[in-house]
Amino acid sequence: ANARNGPLTCAISTFNGHYLNAVGGGGRVTDVIHSDATRIGGWEKFTLEDSGDGSSVINYGIKTQSGHYLTAVGAGGRITDVIHSNATQLREWEKFKLISLGRGVYAIQTYNGRYLTAVGGGGRITDVIHSDATMVKSWEKFRIKCGL
């Protein structure tokens, strides 16, 4: 049996210090994610769940408060209709790698190897996340605070 990490409840903050939140606690295909939260409430808490697929770098499912998984539509590579929060099963498009950049900072990689971008570094309620980055620059850096 492969080693597995237990689920972790975490908040994800953008480069400019705002928190990602799953609008409505999840279960959505439009107006899915905002990056303007300044404190951690229910919608800002995500559960990281080890997919257990045996990958050398753990593929995580990112679960919202309502128990739905985040989906990188098309496995990544998009600037519109980027993220959904209504998946009930952890399949390929729901898998994300957390690439450690040190000091609690991570890049979040989609199944097809692209990186999530918090547009403008965060603080947005429209055009919030892109999934087409091929390099990690400032807007692709996220802080992940767990044990909430």
Can you check whether His18's main-chain N or O pairs, donor with acceptor, with Thr14's side chain at less than 3.5 Å?
yes

Residue pair Val119 / Ile79, side-chain heavy-atom distance below 4.5 Å
no

Would you compute the distance between atom CZ of Arg78 and atom CD1 of Ile83 and round it to the nearest 0.5 angstrom?
10.5 Å

Only pairs at least two apart or in different chains count here, so list each disulfide bond (SG atoms under 2.5 Å apart) that has a residue in residues 36-70.
none

Taking only residues at least two apart or on different chains, which pairs with a member in residues 37-48 satisfy side-chain hydrogen bond (donor to acceptor under 3.5 Å, both in side chains)?
Asn21-Glu44

Do Thr71 side-chain atoms and Val73 backbone N/O form a donor-acceptor pair below 3.5 Å?
no

Sorted by first residue and then second, give each disulfide bond (SG atoms under 2.5 Å apart) pair with at least one member in residues 16-105; sequence neighbours left out.
none

Any salt bridge (Lys or Arg N to Asp or Glu O under 4.0 Å) involving residues 90-106? Give me the pairs, sequence neighbours left out, ordered by first then second residue.
Asp53-Lys95

dist Tyr115:OH -> Ile99:CD1 (nearest 0.5 Å) comes out at 5.5 Å

Using 0.5 Å steps for rounding, measure from the CZ atom of Phe96 to the CG atom of Leu116.
5.5 Å

Intermediate values then yes/no, side chain to side chain contact (heavy atoms under 4.5 Å, CB included), Phe142 and Val105
CA-CA 6 Å; Phe142 297 87; Val105 177; over 6 Å; no

Residues pairing under disulfide bond (SG atoms under 2.5 Å apart) where one sits in residues 70-127, two or more places apart or in two chains, turn out to be none

Interatomic distance, CG@Asp50 vs OG@Ser55, rounded to 0.5 Å, equals 9.5 Å

Is there side-chain contact between Tyr106 and Leu101, with heavy atoms separated by less than 4.5 Å?
no

Are His84 and Leu70 side-chain neighbours, meaning at least one heavy-atom pair lies under 4.5 Å?
no

Qualifying residues under side-chain hydrogen bond (donor to acceptor under 3.5 Å, both in side chains), relative to Thr110, sequence neighbours excluded
Asn112

Using side-chain hydrogen bond (donor to acceptor under 3.5 Å, both in side chains) as the criterion, list what pairs up with Tyr60, not counting sequence neighbours.
Asn5

CZ of Phe15 to OG of Ser35, rounded to nearest 0.5 Å, is 14.0 Å

Restricting to pairs with a member in residues 15-37, which pass salt bridge (Lys or Arg N to Asp or Glu O under 4.0 Å), not counting sequence neighbours?
Arg28-Asp31

Determine the minimum heavy-atom distance between Val136 and Ala107, stating which atoms define it.
CG2-CB, 3.7 Å

Worked check of side chain to side chain contact (heavy atoms under 4.5 Å, CB included) between Thr9 and Phe46:
CA-CA 6 Å; Thr9 301; Phe46 297 90; over 6 Å; no

Given Leu48 and Ile62, is the side chain to side chain contact (heavy atoms under 4.5 Å, CB included) satisfied, shown in steps?
CA-CA 5 Å; Leu48 302 182; Ile62 303 175; 3.8 Å; yes

Gly122 versus Asn16, closest heavy-atom pair with distance
O-ND2, 3.1 Å

Taken in chain and number order and not counting sequence neighbours, the residues that satisfy side-chain hydrogen bond (donor to acceptor under 3.5 Å, both in side chains) with Asp127 are His130

Cluster check Ile12, Val32: I/L/V/M/F/W/Y, side chain < 4.5 angstrom:
yes

Pairs in or reaching into residues 135-148: which pass side-chain hydrogen bond (donor to acceptor under 3.5 Å, both in side chains), with residues at least two apart or in two chains?
Thr117-Glu140

Side chain to side chain contact (heavy atoms under 4.5 Å, CB included) for Ile129 and Leu20? Distances and angles first, verdict last.
CA-CA 10 Å; Ile129 298 282; Leu20 294 184; 4.0 Å; yes

Considering only residues two or more places apart or on different chains, which pairs with a residue in residues 82-148 satisfy disulfide bond (SG atoms under 2.5 Å apart)?
Cys10-Cys146

Sub-4.5 Å side-chain heavy-atom contact between Leu90 and Asn59
no

Is there a continuous path of hydrophobic side-chain contacts, each under 4.5 Å between heavy atoms, that joins Val82 to Leu98?
yes

Applying side-chain hydrogen bond (donor to acceptor under 3.5 Å, both in side chains), name anything that partners Ser66, two or more places apart in sequence or on another chain.
Thr64, His68

